[in-house]
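Right, one structure below, let's go through it.
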Amino acid sequence: MAALRAHGALRMGGSLGLSVAGAESNVAIGLARLGHRVRWAGRVGADELGALVLRTLRAEGIDISHAATDDAGRPTGLLLTEPRLGTLTRVSYCRAGSAGSAVTPADVLPALASGSRVLHLTGITPALGPSAAETVLAAATAARDAGITVCLDINYRSRLWAADRARAALRPLLAHTHLLVASEDELPLVLQRPEAGESEAVKSLLDAGIQEVIVKRGAHGATVVTAGGTADRAARQVDAVDLVGAGDAFVAGYLSGLLDGADVPARLHRAVTTAAFAVATRGDWEGLPTRDELGLLDEPDGTTVR
């Protein structure tokens, strides 16, 4: 989707910056910058904002050969962000009836061919409407059947749907998911007993067949739990200027490590590193690092790279 970013409260007017956003797009860009081959499948409107989305993804080296352009007049989705207090940002969505809400299995399933290793999905897409929810489930099912690793980031958006609706749509995805990513407050959304504590919740997810439960803890880092044990990693310390997109950057780093064959601690290290780049720069994805830049956070403060 497209993104309009305000410099202050929207009700006060003023200028807006135009860019591209979307959790899946952010992850795709993050992975492409780290040198991985990435394919994006979805649907945009036959409008200038849709052209901007596709142009941006193409410029970042992402394969968009399976991106569909809506032929029924549905517009490209839009979000508006406004900074309110420090790093607290308010997001408004204009996605009802958008092209993305009408994405179909036929748009997405062909993209799983040609040696795909990982399918990344989020809980945002099924929130857009029945067709989008059907597509996510179909993609997860087909990927699992084909031996493709399925990563599901819950990414709950309360402005898009209620918790009960989210739970009803997300729980069927668990049977096809290998890697589950959630913040601490999102875990109850995929549990049969939402009141369960974190340790009980994680155990129930592993018992259900999830191979890795990845819990994002924001400024406190992250935890990964597998049948073999638990790994924790503190967040990298940076001056935060914009928290939007940090979770997607984290996922991009983690999946990059997975694709490189790294063990869980090394994946976590890369994940908190890419997340740090995201929060230290403005925009959902603009500040994400290339592989050569991953070591920049290890340089002393004030260093000039010449």
Side-chain angles (χ1 to χ4, degrees), residues 1-3 18-70 76-79 95 98-100 103-122 124-125 128 132 135-136 139-140 142-143 146 148-153 155 179 181 244-260 270-271 274-275 277-278 281 283-294:
M1 59 185 165
L18 175 61
S19 184
V20 168
E24 298 85 356
S25 302
N26 296 339
V27 173
I29 291 171
L31 282 166
R33 288 195 179 178
L34 292 171
H36 301 282
R37 291 188 299 116
V38 184
R39 181 179 299 125
W40 184 90
R43 182 181 284 232
V44 299
D47 48 33
E48 290 303 299
L49 295 182
L52 172 65
V53 170
L54 298 182
R55 178 180 181 274
T56 301
L57 294 175
R58 189 185 303 111
E60 291 292 333
I62 294 165
D63 179 354
I64 57 169
S65 59
H66 294 281
T69 299
D70 191 87
T76 300
L78 179 68
L79 68 73
R95 304 194 71 176
S98 67
V103 67
T104 68
D107 294 331
V108 172
L109 294 184
L112 296 176
S114 305
S116 297
R117 295 172 59 192
V118 175
L119 170 66
H120 177 63
L121 303 166
T122 78
I124 298 175
T125 305
L128 302 181
T135 300
V136 169
I148 298 170
T149 297
V150 178
C151 175
L152 172 64
D153 187 349
N155 244 334
L179 279 63
V181 184
V244 177
D248 302 326
F250 174 93
V251 172
Y254 193 86
L255 291 180
S256 173
L258 175 72
L259 290 167
D260 282 350
R270 187 174 297 181
T274 49
F277 272 90
T281 53
D284 284 31
W285 52 268
E286 285 83 346
L288 296 182
T290 63
R291 188 172 290 255
D292 291 342
E293 293 174 325
L294 286 173

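Starting from 1, each residue takes its place in the sequence as its number. Every heavy atom of this structure was used, including side-chain atoms; hydrogens, water molecules and symmetry mates were not.
The heavy-atom pair separating Leu128 from Ala132 by the smallest distance is CB-CB, 4.2 Å. Scanning all heavy atoms of the two residues, the minimum distance from Ala278 to Ala246 falls at CB-CA, 3.9 Å. Across all their heavy atoms, Leu109 and Ala139 have their closest contact at CD2-CA, 3.7 Å.
Annotation: side chain of Tyr254 is not in contact with side chain of Thr274 (no heavy-atom distance under 4.5 Å). Side chains of Leu121 and Asp153 form no contact here, defined as non-hydrogen atoms less than 4.5 Å apart. Leu255 has its side chain within reach of Cys151: a pair of non-hydrogen atoms, C-beta onward, lies under 4.5 Å apart. Residues Arg270 and Leu294 have side chains in contact (heavy-atom distance under 4.5 Å, counting atoms from C-beta outward). Using a 4.5 Å heavy-atom threshold, the side chains of His66 and Val108 count as separate. Residues Leu49 and Leu18 have side chains in contact (heavy-atom distance under 4.5 Å, counting atoms from C-beta outward). Between Val181 and Leu152 there is no side-chain heavy-atom pair separated by less than 4.5 Å. In this structure, Val53 and Thr76 have side chains that are in contact, with non-hydrogen atoms separated by less than 4.5 Å.
Arg43 pairs by the salt bridge (Lys or Arg N to Asp or Glu O under 4.0 Å) definition with Asp70, Asp107, not counting sequence neighbours. When the salt bridge (Lys or Arg N to Asp or Glu O under 4.0 Å) test is applied to Arg39, the partners found at least two apart in sequence or on another chain are Asp63.
Under a 3.5 Å cut-off, the side chain of Thr135 and the backbone N or O of Val103 do form a donor-acceptor pair. A donor-acceptor pair is defined here as one N or O able to donate and one able to accept, closer than 3.5 Å; such a pair exists between the side chain of Thr281 and the backbone of Phe277.
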Show me the side-chain donor-acceptor pairs of residues 21-35 shorter than 3.5 Å, one per line, residues at least two apart or across chains.
{"residue": "Glu24", "atom": "OE2", "partner": "Thr122", "partner atom": "OG1", "Å": "2.6"}
{"residue": "Glu24", "atom": "OE2", "partner": "Thr125", "partner atom": "OG1", "Å": "2.9"}
{"residue": "Ser25", "atom": "OG", "partner": "Trp40", "partner atom": "NE1", "Å": "3.3"}
{"residue": "Asn26", "atom": "ND2", "partner": "Gly22", "partner atom": "O", "Å": "3.3"}
{"residue": "Asn26", "atom": "ND2", "partner": "Asp248", "partner atom": "OD2", "Å": "2.8"}
{"residue": "Arg33", "atom": "NE", "partner": "Glu60", "partner atom": "OE1", "Å": "3.0"}
{"residue": "Arg33", "atom": "NH1", "partner": "Glu286", "partner atom": "O", "Å": "3.0"}
{"residue": "Arg33", "atom": "NH1", "partner": "Leu288", "partner atom": "O", "Å": "2.8"}
{"residue": "Arg33", "atom": "NH2", "partner": "Glu60", "partner atom": "OE2", "Å": "3.0"}

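Once rounded to the nearest 0.5 Å, the distance linking CD1 of Ile64 with OG1 of Thr56 reads 9.5 Å.
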Full working for side chain to side chain contact (heavy atoms under 4.5 Å, CB included) between Leu54 and Val44: CA-CA 8 Å; Leu54 298 182; Val44 299; 4.0 Å; yes

Stepwise side chain to side chain contact (heavy atoms under 4.5 Å, CB included) test for Arg117 and Thr149: CA-CA 6 Å; Arg117 295 172 59 192; Thr149 297; over 6 Å; no

Test side chain to side chain donor-acceptor pair (under 3.5 Å) applied to His36 and Arg291, step by step: CA-CA 10 Å; His36 301 282; Arg291 188 172 290 255; 3.3 Å; yes

